[in-house]
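Notes follow the structure.
Proteins come first, then strands; the chains are lettered A, B, ... in the order of their sequence lines, and each starts at number 1.
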Amino acid sequence: MRLSRYFLPILRETPKEAEIVSHRLMLRAGMIRQESAGIYAWLPLGLRVLNKVCAVIREEQNRSGAIELLMPTIQSADLWRESGRYDAYGKEMLRIKDRHEREMLFGPTNEEMITEIFRAYVRSYKDLPLNLYHLQWKFRDEVRPRFGVMRSREFLMKDAYSFDLDQAGARHAYNKMFVAYLRTFQRLGLKSIPMRADTGPIGGDLSHEFIVLASTGESEVFCHKDYLDFAVPPADTNFDDIAGIQATVDKWTSLYAATSEMHDAAAYDAIPADRRVSARGIEVGHIFYFGTKYSEPMRAVVNGPDGKEHTVHMGSYGIGPSRVVAAAIEASHDEQGIVWPDEIAPFKVALLNLRQGDSAVDAACADLYAKLSAKGVDVLYDDRDERPGGKFATADVIGLPWQLMVGPKSLAEGKVELKRRATGERELLSPVDAVARLTA
RNA sequence: CGGGGUAUAGCGCAGUCUGGUAGCGCAUCUGCUUUGGGAGCAGAGGGUCGCAGGUUCGAAUCCUGCUGCCCCGACCA
């Protein structure tokens, strides 16, 4: 993409309403624009990141055996009356009426709807297990939205729903999502730790929040240091290996890890002092087994091998991609701006023409741009008629992993400069070698 | 939902106390000179001062009501 033809409204100064670093940088980098309190437009650069986050989530959901569909944002109030949540949900639910005065709502989540879809078609245990997910915008009319897309009213969510014949099956479904989440967050470049979450009236131990460690995180977390070095399950993990998956989950739940709400000071103190981690974190995912909470009132039943009806056991598994974008920035930035993890960077390389109008520099840039693009590298070519300083600052704030700088001085010696955003390391090398390095 | 702020040009702000017809920096546009970490000079454009009433010869400024947004707390992917 040529920057001169792109839409990238960089802000030189920080808008005063932005309090936390991810919000400030997302505004400065031209990723989002606030349209109302807690409601944001995703500008081109932000959308590229959001889409990359979603792509990774999809791949890992699919790998674990979950199946994608897409449910609407607008739901009928009657559906929610079946589960009793229409009255229970409160003012966080945005309720609306259509032209026929029918009561509708903008979905804050989709348990009722997925249960309705399931019960309409599935009759036999032979169709189980089943895990259906979608990526869709949700709306929760929070009293006080804040921190940009970190806590917005409208937000994107990946929500998966599992259906099993019994609790044992549901546990395996839960474990598969647990493993998929470990893989997902690692690929997104985030260090996540599953922490025991409150299961409310359902009880049991099948609820975990996935917390990303970031010094600016919203909540206080406590865990055993060994978690930081645990190996994440590999891509060829066999998700049908019930014992194997269980072993992985057992390992990742063997040590102490809790948010302040679930904190047990005695258990934490039992950890050797040099292994204790007290830090801050951001919740980016939540997995939950809730048994027959919805299948019971909504009559989602299948015939079992015993010829009898069984109410299915369900679980739901959420990741907030829009929040993940903000969390990634909280976890990875510096004074200059964002430092994107490679997998979710909006572009891989910023190609900086440091002397726009110089025929040799222009030609070298055009050649590099063509060669990199031809090899499938996402390049943002800064071909604006700007001074070098401005181009450096722009590249730094939007945080692309690599900066490839072409100026008259080094080019006279047949060299261009490649800078790694994260470390600041610079290297002078020939254009041919630069392309080789970026396509390796 | 309680408490506290705030609203003036695209962004950041001054002007409001003490009423007299709107200003600064950055950004934008034109020209020339510049060009490896946010350049210089010259010129230009851009604001019904959040909205609605009221007081006054005259309101960004005083009064009343409303709305948006932000921050702190209780609540949340």
Side-chain angles (χ1 to χ4, degrees), chain A residues 9-20 23-24 27-28 30 33-39 53 57 89-93 107-111 135-160 181 197-198 200 207-212 218-219 259 261 282-288 316-327 335-337 352-358 361-362 382 384-397 403-413 415-417 419 424 426 428:
Chain A
I10 296 283
L11 266 41
R12 195 159 169 172
E13 292 175 81
T14 303
K16 62 174 176 179
E17 74 267 18
E19 187 71 10
I20 62 166
H23 190 193
R24 284 204 299 265
L27 290 169
R28 287 240 292 130
R33 172 160 183 88
Q34 179 168 327
E35 294 297 337
S36 288
I39 300 179
V53 168
I57 291 172
Y89 215 94
K91 300 188 84 170
E92 283 196 354
M93 178 185 279
T109 178
N110 286 67
E111 280 84 4
L135 280 141
Q136 179 62 288
W137 293 92
K138 305 292 191 289
F139 194 93
R140 292 182 191 171
D141 200 357
E142 301 285 347
V143 233
R144 192 183 159 210
R146 60 184 128 170
F147 303 151
V149 296
M150 186 78 83
R151 183 164 309 157
S152 49
R153 293 196 292 170
E154 186 181 65
F155 60 97
L156 190 57
M157 183 157 91
K158 183 287 300 180
D159 38 329
Y181 275 33
D198 188 7
S207 178
H208 286 87
E209 291 179 350
F210 284 73
I211 306 285
V212 165
E218 53 186 344
S219 46
T259 59
E261 300 89 65
I282 300 164
E283 182 187 351
V284 288
H286 194 168
I287 60 177
F288 200 85
S316 70
Y317 316 91
I319 296 177
S322 45
R323 168 179 273 198
V324 163
V325 173
E335 286 298 304
Q336 270 43 256
L352 307 186
N353 182 331
L354 301 182
R355 185 72 67 85
Q356 193 72 33
D358 178 298
V361 176
D362 287 353
D382 192 341
R384 297 171 304 163
D385 187 15
E386 289 286 328
R387 297 169 59 81
K391 296 194 178 189
F392 295 139
T394 295
D396 284 345
V397 77
Q403 292 174 15
L404 183 54
M405 297 172 277
V406 183
K409 290 177 191 166
S410 49
L411 192 61
E413 295 159 21
K415 303 285 189 185
V416 294
E417 187 174 358
K419 174 184 155 187
R426 295 154 181 275
L428 276 172

Do the side chains of A:R384 and A:T394 get nearer than 4.5 Å, heavy atoms only? yes
Between the protein and nucleotides 73-76 of chain B, which nitrogen or oxygen pairs come in under 3.5 angstrom?
from	atom 1	to	atom 2	distance (Å)
B:A74	N6	A:R146	NH2	3.4
B:C75	N4	A:R146	NH2	2.7
B:C76	O2'	A:E142	OE2	3.3
B:C76	O2	A:R151	NE	3.2
B:C76	N3	A:R151	NE	3.4
B:C76	N3	A:R151	NH1	3.4
B:C76	N3	A:R151	NH2	3.2

Of all the heavy-atom pairs spanning A:K391 and A:Q356, show the shortest one and how long it is. NZ-OE1, 3.7 Å
Please measure how far the C1' atom in B:C71 lies from the corresponding atom in B:C29, and state the result in whole Å. 38 Å
Please work out if A:S322 contacts a base, only the sugar-phosphate, or nothing of the nucleic acid, heavy-atom cut-off 4.0 Å. nothing
Identify whether any heavy atom of A:K138 sits under 4.0 Å from a base atom; if not, whether one sits that close to sugar-phosphate; answer base, sugar-phosphate or nothing. nothing
Rounding to the closest angstrom, what is the interatomic distance between B:A60 and B:A7 at atom C1'? 11 Å
Between A:G285 and A:F147, the residue closer to the 5' end of RNA chain B by nearest nucleotide is A:F147
For residues A:F392 and A:M405, determine if any side-chain heavy atom of one lies less than 4.5 Å from a side-chain heavy atom of the other. yes
For B:C70, does either OP1 or OP2 sit under 4.0 Å from a side-chain N or O belonging to A:Q34? yes
Strictly under 3.5 Å: I want the nitrogen or oxygen pairs between protein and nucleotides 22-26 of chain B, one per line.
from	atom 1	to	atom 2	distance (Å)
B:G25	N2	A:E13	OE2	2.9

Qualifying residue, where the test is side chain to side chain contact (heavy atoms under 4.5 Å, CB included) with A:P321 and the options are A:V284, A:V149, A:L135: A:L135
Would you mind classifying the nucleic acid contact of A:G389 as base, sugar-phosphate or nothing, using non-hydrogen atoms under 4.0 angstrom? sugar-phosphate
Taking the C1' atom in each of B:G65 and B:G12, what is the distance between them to the nearest angstrom? 31 Å
In short, A:F155 meets A:R140 closest at the heavy-atom pair CZ-NE, 3.7 Å
pair_partner(B:C57), Watson-Crick or wobble, both distances < 3.5 Å, evaluates to B:G20
Any donor-acceptor N/O pair under 3.5 Å between B:G37 base and A:K419 side chain: yes
Listed nucleotide nearest any side-chain atom of A:S152, set B:G12, B:U35, B:A77: B:A77
By nearest-nucleotide position on RNA chain B, the 5'-leaning member of A:I20 and A:L156 is A:I20
Pairing nucleotide - B:A42, Watson-Crick or G-U, each distance under 3.5 Å: B:U30
Would you indicate what A:R153 reaches in the nucleic acid, counting non-hydrogen atoms under 4.0 angstrom: base, sugar-phosphate, or nothing? nothing
Touch check for A:D358, heavy atoms < 4.0 angstrom, all strands: base, sugar-phosphate only, or nothing? nothing
Tell me whether the side-chain N/O atoms of A:K16 come closer than 4.0 Å to OP1 or OP2 in B:C70. no
Any protein N or O atoms within reach of nucleotides 29-34 of chain B? Criterion: under 3.5 Å, listing atom names and distances.
from	atom 1	to	atom 2	distance (Å)
B:U34	O2	A:R387	NH1	2.7

Just the rounded figure in Å: distance from P of B:G37 to CD of A:Q336. 14 Å
Quantified in whole Å, what is the P atom distance between nucleotide B:G4 and nucleotide B:A59? 32 Å
Any heavy-atom pair between the side chains of A:R355 and A:L411 that's under 4.5 Å? no
Would you check if A:L428 and A:E413 make a side-chain contact, meaning some heavy-atom pair closer than 4.5 Å? no
Are any non-hydrogen side-chain atoms of A:K419 and A:D396 less than 4.5 angstrom apart? yes
Pick base, sugar-phosphate or nothing for A:T109, based on heavy-atom distances below 4.0 Å to the nucleic acid. nothing
Using a 4.0 Å heavy-atom cut-off, does A:L354 contact any base of the nucleic acid, only the sugar-phosphate backbone, or nothing at all? base
Between A:Y317 and A:Y181, is there a donor-acceptor pair closer than 3.5 Å when you use the side chain of the first and the backbone of the second? no
Looking only at side chains, do A:D159 and A:Q136 share a donor and an acceptor under 3.5 Å apart? no
Under 5.5 Å and under 30°: A:F392 stacked on B:G38: no
NA contact type, A:E19, heavy-atom cut-off 4.0 Å: base, sugar-phosphate, or nothing? sugar-phosphate
Taking atom P in both B:C66 and B:G2, what distance in whole Å separates the two? 14 Å
B:G38, B:C69, B:A77: which one has an atom nearest the side-chain heavy atoms of A:A37? B:C69
Could you tell me how far B:U30 sits from B:U48 if I compare only their P atoms? Round to whole Å. 24 Å
Taking any strand in view, what nucleotide pairs with B:A7 in a Watson-Crick or G-U wobble way, both distances under 3.5 Å? B:U67
Heavy-atom donor-acceptor pair, A:S316 side chain to A:F288 backbone, under 3.5 Å: no
So A:I319 and A:V324, side-chain contact (heavy atoms from CB on, under 4.5 Å) or not? Walk me through it. CA-CA 8 Å; A:I319 296 177; A:V324 163; 4.0 Å; yes
Quick one: label A:S219 by what it contacts on the DNA or RNA (base, sugar-phosphate, nothing), any heavy atom closer than 4.0 Å. nothing
What does A:G318 touch in the nucleic acid at a heavy-atom separation under 4.0 angstrom: a base, only the sugar-phosphate, or nothing? nothing
Here the pair of heavy atoms bringing A:E142 nearest to A:S152 is CG-O, 4.3 Å
Need one value for A:A393: base, sugar-phosphate or nothing, where a base atom within 4.0 Å counts as base even if backbone is also close, heavy atoms only. base
Please confirm whether the backbone N or O of A:I10 pairs with a side-chain atom of A:R28, one donor and one acceptor, at under 3.5 Å? no
P gap between B:C49 and B:G20, integer Å: 15 Å
Going by purine N1 to pyrimidine N3 plus the second Watson-Crick contact, or the G-U wobble pair, all under 3.5 Å, which nucleotide sits opposite B:C76? none
On a whole-Å scale, what distance lies between the P atoms belonging to B:A44 and B:A52? 33 Å
With side-chain contact (heavy atoms from CB on, under 4.5 Å) as the test, would you mind laying out the steps for A:R323 and A:E283 before giving the verdict? CA-CA 9 Å; A:R323 168 179 273 198; A:E283 182 187 351; 3.9 Å; yes
